[in-house]
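Written below as structure tokens is the structure these notes are about.
Just follow the structure's listing: the first ligand is 1, and inside any ligand the first atom is 1.
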Amino acid sequence: MGSEKTLVIGLFGFGVVGEGLYKVLHQTPSLKASIKRVCIKNTNKKRNAPAELFTTDMYDLLNDPEINVIVEVINDSEVGYHIVSTALKNGKDVVSASKKMLSEHLPELIELQNTTGRSLLYEASACASIPVIRNLEEYYDNDLLHSIKAIVNGSTNFILTKMFEEHLSFKEALLLAQQLGFAETDPTLDIEGYDAVNKWVLLLTHSYGVNTTIDKLLFNGITQINELDAQVAQSKNQSIKLVAQAKKLNNGKVATFVLPQFIDQADHLFFVKNEYNGVVIETGFADKQFFYGKGAGSFPTASAVLSDIAALRYGYKYEYKKSNQHAPGELSDDFHMRVYLSFDDFSKIPKDEFVSVEEWHSGNERSYLVGTIPYKTLESSNWWKTNNTSLIMLPNGIVEDMELQELKKMSLSLAGMEL
Ligand code: HSE
């Protein structure tokens, strides 16, 4: 580790997070870090900072030898990648909050850290204020981590809370999430699950050493969740949340997905509401641990950026321990999933794909079933994302062999069941 150094920051982006960082840094004089220049795209917006701080020329920052840290908090992932990779090549350490950019370019960025010897930190990119990346990186031995289950997107959690507890419409709740600065500039990234799965790619790297991309992961957002789903959840004293989950299977491989999920009251995630995020980690010896904090918003996100900046003072780097010092984790497609499925057209549901069915309820407008389906079926098709269907994972919904046999024995027959 290097000795503490004075940090001269070049900041890219002055939106919700960038401006938040500017303010937070002013309240943290002990850090001995100052922002020298800020690069922005749009010069027409009024900025709450001296005009001479701003430039639109990225090379004013990237080529300034006095600037030794680049903080990148913009939302264009291609431009972000160019900035971050150039900064590393130019000998600067980097802090980024751009989950989409990081998830799309992580292998190249790890390689660049190795070749340049510089550090790229991105604690703010997943679960904002919760120090989950550094924790996963430093604390857990690969073999001890049984599972990790998390709410990683603040906007969708906020929307679901407002819809189910305050009876706002989806549209109203989304608008509020946008007004409060929680949602992405393009909010479909939040509501269709892209933001959550981008973050999950990063967390899988630091928890299990799994190097993957979003096109290899099963995920969905919350746009299909409807009134019937909410009623079913309520009747079972459960809530519905968008949950990212990974679990080590008996075969040593990792089962993972990002999907809406029913959450029991006994689950720590049940109490994670609004823009808060939560992470439940299960390990061999410690049993369950729960991390909780704000997952979106200006100051909570800036607080994680600030913590990364502070860590750069003593030369902190991610070592990617789970990939480098252990056998990298491998994803499995060999497991089953217990799911709830609601639909208005049973003919669109490939019922033969269900290996067992536990519940069946037909209604006038919508019906639903609860059953078990191979992961591979969902991975290789998208009928469950279209046709006005809604698929929600059950609690403890990852099914391995033994349990599968039990479920099969109890199965109802779907033959002849129609709306
Ligand atoms: N749109 C993101 C969220 C912002 O709602 O979680 C924080 O990453």
Using residues 175-187 as the side-chain source, report each donor-acceptor pair under 3.5 Å to any protein atom, sequence neighbours left out, with the distance given to one decimal.
from : atom 1 : to   : atom 2 : distance (Å)
E184 : OE2    : K99  : NZ     : 2.8
T185 : OG1    : N75  : ND2    : 2.4
D186 : OD1    : T188 : N      : 3.1
D186 : OD1    : T188 : OG1    : 2.6
D186 : OD2    : T188 : OG1    : 3.1

Parallel, tilted or perpendicular, as decided by the 30° and 60° cut-offs, for the rings of Y81 and H105: parallel

Not counting sequence neighbours, which residues clear side-chain hydrogen bond (donor to acceptor under 3.5 Å, both in side chains) with N63? List them please. N90

Please verify the inter-ring angle class for Y318 with Y320; under 30° counts as parallel, over 60° as perpendicular, anything in between as tilted. perpendicular

Under 4.0 Å from ligand 1, counting heavy atoms only: the protein residues, by chain and number: K99, N153, G154, S155, F182, A183, E184, D190, D195, K199, G295, A296

Carboxylate-amine/guanidinium contact K162 E172, below 4.0 Å: no

Can you sort out the partners of T28 under side-chain hydrogen bond (donor to acceptor under 3.5 Å, both in side chains), two or more places apart, ordered by chain and number? none

